[in-house]
Each structure stands twice: as C-alpha cells, then as structure tokens.
Amino acid sequence: MKIDEDLKRHIALKVKNCRRKHGYSQLKLAEALGVSMNTVQNIELGVRLPSAEVVINLDALIDTDIRNIIHKFVSTPELKFKDYSDILEKSYILGKYKEFDKYLEELDFYSSINEAYFEQDSFERKIFYYFLGKQKVLKREFEQGKKSLDKALNIKCKKFEKCKILNSKIEVEKLKIDAYFLREEGLFSRVLEISNTLKTMLRSARDTKLKMEIAYGIAEIYMYILEDYEQGHLFLSEIEDESFVVEYPAYFTRIFFLKSLCKRKLNYNNHGELETALRFYEVFGGSEELEILKALYRDSKDNL
C-alpha cells in the first residue's frame, strides 16, 4: 500500500536524523534497542517498519516521536496489533508489570487511531478488555477487573478458535479473583477447589500460551493466596519438564524463578539455583522481580 511506503520513508528519515543528533552509530543504537544492526539499517532505509516495542524504545531513547507520525498515517487497525498482544503476554509472564502497564497504555493509544479496534464484536476489542482485566487483577482492583473480564467474555467475535482460547484465559483470571475473595472470607478449602479446577483445565488444554496462563494461575494460588510454598514447589517441580515450559525460554525463566522463590521461602540452601535464575532474568532484561531475586541471592550467599 502507498500509505505504508510513505510511512516507512517518514520514519526512516526521522530515525536517521534523531540517531545522528543524539550521537549514536547504527551499531550502538541497535545495542541500546536490543536488536540487530541489520534491523536498524532496514528501518533507516525504509525497508521495514519498526515493531511496536522498537517504536516505544526509539521514542524514549532518541526522541523520534514516531507514535505521532504513525498517528497521522495509519489507516488499518491491523497494524502491529499482534506485536502488542505478544509483548503484553511476554511482559506479564516474566513479571515485568511496569512494562505491561506501559504497553497496555500504548495499545489504548494506537486503538484510538482507528475505531475498528473497538467494533462491538471485534477480537481486538475482546483482547483489549482481557488485558485491562489482568491489569486490574495485578493492582488488586478485583471488582473492576471482573467487570473488564466480563466485558471481554461477552464479546462474541468471528475468530472462533482464537476466541475459544481467549475465553479460557478469561475464565482463569476470574477464578483467580474468586480465590482472592474466598481467602478474605477464610474459605481455604474452596480456594483449593479452584486450584483443582485449574489443574483439570491444564490437563485438557492444548494451546501453549493457555497452558502457561493456567500453570501460573495455579502457582499464584499456592504462593500468593494460600502462601503454601511447599505445595507451590511441588506443583512447579511437576510441570518444569513439560514441553510447554522447556521449549519457550520466557516460560522456563518464569517457572524457574517461582520454583527458586518457593525453595528459598522454605529455607532450602539453593544458592546455585538462585544464581542461575538471576542469569536467566538478566538475559531477559530483568523486571521488578529481578530485585527480589537479587535480594534472595545475596541472602543465600550470606548463609553459605
């Protein structure tokens, strides 16, 4: 499309000028962005558009203001929506909750560019409310979270298989909310029933991302709702060799961290394991939990 070519040219010129203005070589900029130099070269040549993550980082690093350039040019609601969806899922799984908030805000911004994102029965509208619900759960705003998740669940979009998987993810979040409410009422046996329901869902799930969402939901119940680190460690040990964990570095990193945290809470001497977990998190750029991991590692080192 001509609009895409015009957009590429405008972004290419903007990136090149801003890079030079801020004293970056293409190599140094690529290193700062965490991409290959070939990616930077292709952006500056107008061969490709930057991903959503690169757009955000370019704007922050060298003041390119690409988001406003895109705002003027974009006419299709499909542009980079998948990028945002993937980034939000990855940042959530790795516990990078500040980034999750930032990317959700960006998704809201890009959604305002084209009203098609918010068509009544669109998959984009459904997944936006799903992520919004997850954000509210993270902030322990459970009533608001449930409202957003119910909105997502009630959207009947045309992408049947994708919607079916997303509906299951929504149910996982709603079960987590129920578990938090039940804990407040002291109904711990009911919380355990929810964990068993999730285990049944995990056994029957086929989608890799859905399986990870369910697994993390179970771990969250054991660790953060029931504070039963022994059961949490047992569950994480049972799934750590599953293909949906070991074949995806981000998922393996998350499970490894949670398992290490359980062992430390149980006063195991797992200094070496914590060191490995720390390296995994450093490779993936760290998160709020990286600081927790560093503290646990220092504590374990002192107790050697």
query: For the side chain of R19 and the backbone of Y24, is there at least one donor-acceptor N/O pair under 3.5 Å apart?
result: yes
task: Quick one: do K259 and S237 satisfy side-chain contact (heavy atoms from CB on, under 4.5 Å)? Show the steps, please.
output: CA-CA 7 Å; K259 185 183 172 186; S237 298; 3.4 Å; yes
query: Between CG of D178 and CG of L187, what distance do you get to the nearest 0.5 Å?
result: 11.5 Å
- prompt: So do K199 and F235 actually touch side chain to side chain, heavy atoms under 4.5 Å?
  reply: yes
task: Check for a donor-acceptor pair, side chain of H22 on one end and backbone N or O of C18 on the other, with a separation under 3.5 Å.
output: yes
message: Taking the side chain as everything from C-beta on, heavy atoms only, tell me whether K162 gets closer than 4.5 Å to I127.
response: no
query: Between L149 and I170, what is the shortest heavy-atom contact and its length?
result: O-CG2, 3.6 Å
- request: Verify the neighbour count for atom NZ of K147: are there more than 12 heavy atoms of other residues, nucleotides or ligands below 6.0 Å?
  value: no
query: Sequence neighbours excluded, which residues qualify as side-chain hydrogen bond (donor to acceptor under 3.5 Å, both in side chains) partners of S36?
result: T39
- prompt: Is there side-chain contact between L182 and F188, with heavy atoms separated by less than 4.5 Å?
  reply: no
R206 (side chain) donor-acceptor with S204 (main chain) under 3.5 angstrom: yes
query: If you group Ile, Leu, Val, Met, Phe, Trp and Tyr by side-chain heavy-atom gaps below 4.5 Å, do L234 and L192 land in one group?
result: no
field: Pairs meeting criterion disulfide bond (SG atoms under 2.5 Å apart) with involvement of residues 167-234, two or more places apart
entry: none
field: Minimal non-hydrogen separation, E44 against A12, with atom names
entry: O-CB, 3.2 Å
message: One pair to check against side-chain contact (heavy atoms from CB on, under 4.5 Å): F128 and L104. What are the steps and the verdict?
response: CA-CA 8 Å; F128 175 76; L104 188 58; 4.2 Å; yes
message: Just to verify, which of F131, F100, Y130 counts as forming a ring pair (Phe, Tyr, Trp, His ring centres under 6.0 Å) with Y92?
response: F100
task: Show the numbers, then the answer: is there a side-chain contact (heavy atoms from CB on, under 4.5 Å) between M212 and I255?
output: CA-CA 9 Å; M212 188 58 195; I255 295 300; 3.6 Å; yes
- prompt: Between CG of N42 and NZ of K8, what distance do you get to the nearest 0.5 Å?
  reply: 10.0 Å
field: Any side-chain heavy-atom pair of M223 and L236 under 4.5 Å
entry: yes
- prompt: Is there side-chain contact between E242 and V246, with at least one heavy-atom pair below 4.5 Å?
  reply: no
- prompt: Measuring from I194:CD1 to K174:NZ, what's the distance to the nearest 0.5 Å?
  reply: 12.0 Å
Interatomic distance, L258 atom CG to Y229 atom OH [nearest 0.5 angstrom]: 11.0 Å
query: If you group Ile, Leu, Val, Met, Phe, Trp and Tyr by side-chain heavy-atom gaps below 4.5 Å, do I62 and L45 land in one group?
result: no
From CG (D228) to OH (Y222), nearest 0.5 Å: 7.5 Å
message: On a heavy-atom basis, which atom in I239 and which in A215 lie closest, and how many Å separate them?
response: CD1-CB, 3.7 Å
task: Answer yes when K146 and E143 have at least one side-chain N-carboxylate O distance shorter than 4.0 Å, and no when they do not.
output: no
Approximate separation, where rounding is to 0.5 Å, of I155 CD1 and D150 CG: 11.0 Å
query: Which pairs with one or both residues in residues 135-157 pass ring pair (Phe, Tyr, Trp, His ring centres under 6.0 Å), sequence neighbours excluded?
result: F142-Y180, F142-F181
- prompt: Is the backbone N or O of L88 less than 3.5 Å from a side-chain atom of S91, with the two atoms forming a donor-acceptor pair by type?
  reply: yes
field: Shared hydrophobic cluster, L27 / L33 (ILVMFWY, side-chain heavy atoms < 4.5 Å)
entry: no
task: For the pair E213 and K176, find out whether any cationic side-chain nitrogen is under 4.0 Å from an anionic carboxylate oxygen.
output: no
message: I'd like to know if I11 and L13 are part of one continuous hydrophobic network [Ile/Leu/Val/Met/Phe/Trp/Tyr, side-chain heavy atoms within less than 4.5 Å].
response: no
- prompt: So does E230 have more than 12 non-hydrogen atoms from other groups sitting under 6.0 Å from CD?
  reply: no
message: Any non-hydrogen side-chain atom of L153 less than 4.5 Å from a side-chain atom of E171?
response: yes
- prompt: Looking at side-chain heavy atoms only, is the closest gap between F123 and L166 below 4.5 Å?
  reply: yes
message: Looking only at the side chains, is there a donor atom on one of N154 and K126 sitting less than 3.5 Å from an acceptor on the other?
response: no
Beyond-backbone contact of Q231 with L226, side-chain heavy atoms, under 4.5 angstrom: no
Shortest non-hydrogen separation from R183 to I225 and the atoms involved: CD-O, 3.0 Å
field: Hydrophobic cluster membership, L29 vs V47, 4.5 Å side-chain cutoff
entry: no
field: Qualifying residue for side chain to side chain contact (heavy atoms under 4.5 Å, CB included) with D59, from L61, D63, N57, V55
entry: V55
- prompt: Between K211 and F244, what is the shortest heavy-atom contact and its length?
  reply: CE-CD2, 3.4 Å
